[in-house]
Amino acid sequence: MLELKDKSEEMMELARRRGFIWPSFEIYGGVGGFYDFGPLGSVLKNKIIQKWREFYLVGENFFEIDSPSVMPEEVLKASGHVDHFVDAMVECKKCGNSFKAVDVAREATGKDIEGMKEAEMDEFFAKNKVKCPDCGGELGKVFLFNSMFRTFIGPGSQRVGYLRPETAQGIFIDFKRLQRYARGRLPFGAIQIGKGYRNEISPRQGIIRLREFTMAEAEVFFDPENPHHPNFSSLADEKIRLWRAEDQIKGEEKIVEVTAREAVEKNYIHNELIAYYAALTKKFLMELGIPYEHIRFREQKPWQRAHYSSETWDAEVYTKRFGWVEVAGIANRTDYDLSRHAKFSGEDLTMTVGESGRKIICHVVEPSYGIDRPLYCVLEHAFVEEGERKYLRLKKWLAPVEVGVFPLLKRDGLPEKAIQVQNLLRSRGLLADYDDSGSIGRRYARADEIGTPYCVTVDHQTLEDDTVTVRDRDTTKQVRVSIEKLPDVLTSLLHDQINFENVGTPVKK
RNA sequence: GCGGUGGUAGUCUAGCUUGGUUAGGACACGAGCUUGCCAAGCUCGCAGCGCGGGUUCGAAUCCCGCCCACCGCACCA
């Protein structure tokens with residue numbers, strides 16, 4: 001176990017050193033829960049987002065929108081976040097420390113006061129003569145700490161706003177226009193990719209718990225009388241591993257492996273759309289390079305669910321560092337959000353369906369993904385050690401540098417030729433980096449470390465016949481390819497469309 | 001938030017106990033030489049005591065506060 005932890009620490013050190021992930025505000029000492037993506041991390045992150053768009057924008061044919069991160073208070077009152085996104089706290093009048101009211105009560109009296117109103121908590125503390133757990137001082141009144149970042153819109157601090165805790169609300173707000181855009185089609189989906197903000201009391205676990213993070217969310221609107229996905233059959237036979245709430249409650253770590261169809265038939269998952277998106281999520285994660293056995297879906301127990309959810313399945317990925325990590329959640333949000341926004345805004349958010357002209361409030365199934373967490377999982381799973389050789393075995397298409405271009409020697413015109421090759425590759429849309437520093441072996445090692453799948457080397461033979469060697473990261477084998485064919489060959493290789501052995505003449509070591 | 005441990009170049013680290021060193025090394029990085037394919041070698045170079053205060057003639061070293069990281073607890077809608 002210790003050894004495994006060292007390995008993931010080594011991976012994080014690599015990520016920091018080579019420009020994937022950096023602590024934010026570092027020269028001012030840093031602030032917990034915030035991270036920057038460096039040059040390589042940014043590309044990697046964007047590639048993950050691009051893949052997600054392939055799944056949801058292209059594959060599902062959903063509508064993408066982009067709405068503000070700052071939201072006026074009314075929106076989040078309606079959504080329930082102002083009231084439910086909170087912790088009750090007490091502050092000591094003497095030493096000034098703040099504590100969770102529930103914890104202080106449990107520590108002092110052994111009683112659970114979860115669910116009480118603030119006034120009831122005040123009464124409870126007074127009756128039980130509860131003092132500050134740190135200094136024994138008098139406790140102040142219970143107050144609610146909301147985990148949303150609060151701000152003001154405009155000068156004069158009149159209008160309260162919050163940084164959005166989820167991108168989803170932006171979609172619900174636009175429902176009227178979206179359903180018109182969909183021209184009556186149901187189900188239809190809308191997606192949004194962007195930052196979300198949660199003012200965590202104590203962020204931990206590096207990039208796993210951030211105060212500002214990127215999420216990719218889809219809201220699938222459907223008629224509650226017809227909760228079917230038109231393409232369910234295309235994923236019905238996909239296998240998924242489920243950890244049901246029932247088994248969790250029994251204390252059993254029992255995983256049932258079923259197809260999406262069986263999950264619905266056996267009533268493990270109570271909604272076909274959820275089963276469909278679970279299967280799609282599994283495919284997405286595997287596409288990023290997460291192995292099947294390291295993916296499971298955990299059903300949230302009733303009391304764990306968000307205030308808006310009637311059923312939630314979390315997609316979890318196994319990591320050495322943090323154990324099972326939630327990377328996506330698929331929730332049945334019912335008509336909660338639309339009903340609430342209809343009520344609070346006074347707008348009609350119903351939709352008319354079918355020949356009967358039936359008016360319905362759409363129900364919503366929400367597949368909601370983090371981007372930062374899967375990115376961590378991708379890095380951790382990609383990091384391999386083969387003796388002294390340590391490198392990222394990233395999926396080829398995911399690598400932030402796709403090709404390294406090296407002159408074998410720094411003379412005889414080889415650097416100039418290599419730069420020409422690099423320019424050719426970049427002009428064809430490939431992320432190609434040039435490196436002429438140190439021995440050729442060192443350069444291969446540098447490239448391997450950041451997961452560069454192919455390295456092209458220009459040697460003396462290049463000057464004679466315009467061919468170069470192409471080296472495969474995983475096997476270190478080389479083939480000789482003509483420069484003319486190089487862009488197409490590399491592009492095909494990156495998308496696993498051809499076999500490395502078949503792209504050119506093998507080079508003897 | 002609580003308790004514990006820690007913070008010295010890009011990275012890993014010596015020095016801290018017992019205050020006074022030009023703060024040492026290794027790797028990495030850069031320049032040059034060398035090098036016809038997998039972290040070779042040589043020369044030179046860049047670069048550091050988390051932040052703020054205090055004690056002291058003098059602080060990387062002692063004291064206080066803060067920040068950050070790691071472990072455990074709690075939290076994770």
Side-chain angles (χ1 to χ4, degrees), chain A residues 2 5 8-10 12-14 16-19 22-34 38 79-92 96-104 106-107 114 132-134 145-148 165-166 198-206 208-211 300 303-309 312 314 321 325-326 329 331 387-391 404 406-412 414 436-449 455-463 468-473 475-478 480 507-509:
Chain A
L2 259 175
K5 208 180 72 191
S8 62
E9 261 163 28
E10 213 170 323
M12 281 307 286
E13 192 266 305
L14 185 162
R16 215 175 329 119
R17 189 164 40 79
R18 295 303 306 272
W22 294 329
S24 295
F25 317 115
E26 204 175 5
I27 65 168
Y28 289 100
V31 179
F34 294 95
S79 72
H81 287 90
V82 170
D83 293 328
H84 295 283
F85 211 65
V86 292
D87 285 307
M89 308 283 292
V90 270
E91 196 178 64
C92 172
N97 283 340
S98 299
F99 311 90
K100 288 204 153 194
V102 174
D103 296 346
V104 177
R106 192 189 305 114
E107 243 174 78
E114 181 93 61
C132 172
D134 273 6
F145 173 77
N146 193 293
S147 321
M148 289 191 291
E166 54 173 6
R198 298 175 184 189
N199 200 0
E200 299 283 350
I201 295 171
S202 66
R204 276 293 185 82
Q205 307 175 308
I208 296 298
R209 269 183 78 194
L210 297 172
R211 286 185 164 131
Q300 285 190 2
W303 57 88
Q304 291 178 322
R305 291 195 298 254
H307 60 274
Y308 49 71
S309 170
T312 300
D314 285 339
R321 180 71 178 278
V325 168
E326 175 196 347
E388 279 299 287
R389 191 167 174 244
K390 291 164 188 164
Y391 65 106
F406 313 144
L408 184 58
L409 295 169
K410 229 188 318 190
R411 54 172 157 85
D412 304 334
L414 297 181
D436 65 10
S437 140
S439 70
I440 190 73
R442 176 177 294 280
R443 285 174 266 162
Y444 286 143
R446 270 202 285 258
D448 289 341
E449 196 178 36
C455 290
V456 166
T457 302
V458 167
D459 57 15
H460 284 95
Q461 192 180 329
T462 310
L463 302 178
V468 291
T469 61
V470 178
R471 168 187 176 275
D472 179 77
R473 176 194 67 202
T475 62
T476 77
K477 283 185 181 160
Q478 287 176 295
R480 192 164 270 281
V507 176
K508 288 183 289 277
K509 273 210 171 176

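Side chains included, hydrogens not; waters and symmetry mates left out as well; all remaining heavy atoms used. A quick note: this is a predicted structure, and the numbers were derived from the prediction, not measured.
Across the protein-nucleic acid pair, A:R321 atom CZ and B:C70 atom P stand 6 Å apart, rounded to whole Å. The CD atom of A:E26 sits 15 Å away from the P atom of B:G48 (whole-angstrom rounding). A:R209 has its CZ atom 6 Å from the C1' atom of B:C75, to the nearest Å. Per the geometry, CD belonging to A:Q205 stands 9 Å off C1' belonging to B:C76, to the nearest Å. Rounded to whole Å, the distance from CD on A:E326 to P on B:C75 is 16 Å. Rounded to whole angstrom, the span from the CD atom of A:Q300 across to the P atom of B:C76 amounts to 11 Å. The interatomic distance linking A:N199 (CG) with B:C75 (P) rounds to 19 Å, in whole Å. Rounded to an integer number of Å, the gap from CD of A:E10 to C1' of B:C70 is 17 Å.
Contact of the A:L414 side chain with the A:L463 side chain is registered, since non-hydrogen atoms from C-beta on lie closer than 4.5 Å. A heavy-atom distance below 4.5 Å is found between the side chains of A:S437 and A:R446. By the 4.5 Å heavy-atom criterion applied to side chains, A:R443 and A:T457 are not counted as neighbours.
Taking the P atom of each, B:C49 and B:G4 are spaced 29 Å apart, rounded to whole Å. Taking atom P in both B:A31 and B:C38, the straight-line distance is 22 Å, to the nearest Å. Across the C1' atoms, B:A28 and B:A9 are found 11 Å apart, a figure rounded to whole Å. One C1' atom belongs to B:C46, the other to B:C68, and the distance between them is 26 Å to the nearest Å. Spacing of P atoms, B:A23 relative to B:U61, comes out at 14 Å, to the nearest Å. Using atom C1' as the reference point in both B:G50 and B:U8, the two lie 10 Å apart (nearest Å). For the P atom pair drawn from B:G53 and B:C71, the interatomic distance equals 32 Å after rounding to whole Å. Atom P of B:G6 sits at a distance of 23 Å from the matching atom of B:G10, rounded to the whole Å.
Each of A:G206 and A:R16 lies near RNA chain B, and the nucleotide nearest A:R16 is the one positioned closer to the 5' end. Projected onto RNA chain B by closest heavy-atom contact, A:R211 and A:H81 fall at different nucleotides, the more 5' of which corresponds to A:R211.
A cation-pi arrangement, defined by a distance under 6.0 Å to the six-membered ring centre and an angle within 45 degrees of its axis, is absent between A:R473 and A:Y391.
Taking the ring-ring contact (aromatic ring centres under 6.0 Å, His included) definition, one finds that A:H84 meets it with A:H307, sequence neighbours left out. Checked against salt bridge (charged side-chain N to carboxylate O under 4.0 Å, His left out), A:R305 has no partners two or more places apart in sequence or in another chain. Shown here are the side-chain contact (heavy atoms from CB on, under 4.5 Å) partners of A:S439, two or more places apart in sequence or in another chain: A:R442.
A distance of 13.5 Å separates CZ in A:R211 from CZ in A:R198, rounded to the nearest 0.5 Å. A distance of 4.0 Å separates CZ in A:R480 from CG in A:D459, rounded to the nearest 0.5 Å. Rounded to the nearest 0.5 angstrom, A:N146 CG and A:N199 CG are separated by 9.0 Å.
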In B/S/- notation, 5' to 3', how is nucleotides 25-41 of chain B contacted by protein heavy atoms closer than 4.0 Å? ---SSS-S--BBBBBS-
Could you run down the sub-3.5 Å N/O contacts of the protein with nucleotides 65-67 of chain B?
unit_1, atom_1, unit_2, atom_2, d
B:C67, O2', A:G29, O, 3.2
B:C67, O2', A:G30, O, 3.3

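Screening A:K390, A:R17, A:R389 against A:E449 for a salt bridge (charged side-chain N to carboxylate O under 4.0 Å, His left out) leaves a single residue, A:R17.
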Pair pattern of RNA chain B in dot-bracket, where unpaired bases get dots and | marks partners in another strand, Watson-Crick or G-U under 3.5 angstrom: (((((((..((((......[...)))).(((((.......)))))....(((((..]....))))))))))))....
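Under 3.5 Å, the side chains of A:Y308 and A:S79 contain no donor-acceptor pair of N or O atoms.
Annotation for A:D436 and A:P407: closest pair CB-CG, 3.6 Å, computed over non-hydrogen atoms.
Taking 90° from 0 as the syn/anti boundary, the base of B:G36 is oriented syn.
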